[in-house]
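Single-structure report; data block below.
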Amino acid sequence: MLLPARTEVARQLRRYRAWERVMLASPADRTVRATFEDSGYTLCVLMGKRCAREAADAAERYLRSTLAAYLQEPDTRPRPAVRPPAVAR
């Protein structure tokens, strides 16, 4: 599994949290909201998550744990049910 550099994860997480605070202070400002959403998207791509909150949580776990511990954490995403192939009659 290819993981991002810790320094880049820390930088993007700081950026996301900073824009989150600004967005909460000025929720009607469209420019602030767009920049906040952009920072969340960047974090999602970096951490391989679909939701910015999940990506921020994953980034925090990644930064406070060792690489081996992070890779051994269970993936909490629900897995789709595997259906057996259809049998031709």
Side-chain angles (χ1 to χ4, degrees):
M1 172 181 227
L2 186 61
L3 292 172
R6 287 183 180 272
T7 54
E8 186 62 21
V9 172
R11 188 172 74 84
Q12 292 299 330
L13 182 60
R14 280 193 309 271
R15 180 175 182 257
Y16 174 78
R17 293 295 186 206
W19 280 109
E20 181 179 41
R21 288 188 297 274
V22 173
M23 198 274 306
L24 290 172
S26 305
D29 188 334
R30 291 177 187 245
T31 304
V32 169
R33 180 172 288 277
T35 308
F36 168 66
E37 290 175 357
D38 180 56
S39 69
Y41 176 78
T42 301
L43 199 57
C44 285
V45 171
L46 195 62
M47 298 308 298
K49 301 293 182 183
R50 293 180 151 220
C51 168
R53 285 195 185 274
E54 288 178 11
D57 290 343
E60 289 171 350
R61 281 193 317 274
Y62 178 58
L63 292 173
R64 74 172 170 254
S65 67
T66 64
L67 180 60
Y70 181 76
L71 291 175
Q72 290 177 354
E73 287 182 3
D75 189 3
T76 58
R77 290 181 296 172
R79 299 284 183 193
V82 178
R83 294 173 45 176
V87 177
R89 292 183 184 187

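As the structure is a computational prediction, the values presented were derived from the model and not from experiment.
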Can you sort out the partners of Ala34 under side chain to side chain contact (heavy atoms under 4.5 Å, CB included), two or more places apart, ordered by chain and number?
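In terms of side chain to side chain contact (heavy atoms under 4.5 Å, CB included), with neighbours along the sequence ignored, Ala34 is linked to no residue.
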Test side-chain contact (heavy atoms from CB on, under 4.5 Å) applied to Met47 and Leu13, step by step:
CA-CA 10 Å; Met47 298 308 298; Leu13 182 60; over 6 Å; no
Between Ala10 and Leu63, which heavy-atom pair has the shortest distance, and what is it?
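That closest heavy-atom pairing would be CA-CD1, 3.8 Å.
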Nearest heavy-atom neighbours spanning Ala52 and Gly40:
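Ala52 and Gly40 have their closest heavy atoms at CB-CA, 4.0 Å.
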The criterion is salt bridge (Lys or Arg N to Asp or Glu O under 4.0 Å); which residues satisfy it with Asp57, sequence neighbours excluded?
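With neighbours one apart ignored, the set is empty.
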Determine whether Val9 and Val45 fall in the same hydrophobic cluster, where Ile, Leu, Val, Met, Phe, Trp and Tyr are linked whenever their side-chain heavy atoms lie under 4.5 Å apart.
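Different hydrophobic clusters.
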Keeping to residues at least two apart or across chains, list the ring-ring contact (aromatic ring centres under 6.0 Å, His included) pairs with something in residues 16-54.
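Residue pairs with at least one partner in residues 16-54: Tyr16-Phe36.
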Using the salt bridge (Lys or Arg N to Asp or Glu O under 4.0 Å) rule, collect all pairs that involve residues 20-30, keeping only residues at least two apart or in two chains.
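Qualifying pairs, neighbours excluded: Arg17-Glu20.
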Note, Arg15 side chain near Asp38 side chain (heavy atom, < 4.5 Å):
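Side chain of Arg15 against side chain of Asp38, heavy atoms only: contact under 4.5 Å found.
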Spacing of Arg50 atom CZ and Glu54 atom CD [to the nearest 0.5 Å]
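If I round to the nearest 0.5 Å, the distance is 9.5 Å.
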Separation of Gln12 CD from Glu8 CD (nearest 0.5 Å):
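These two atoms lie 5.0 Å from each other.
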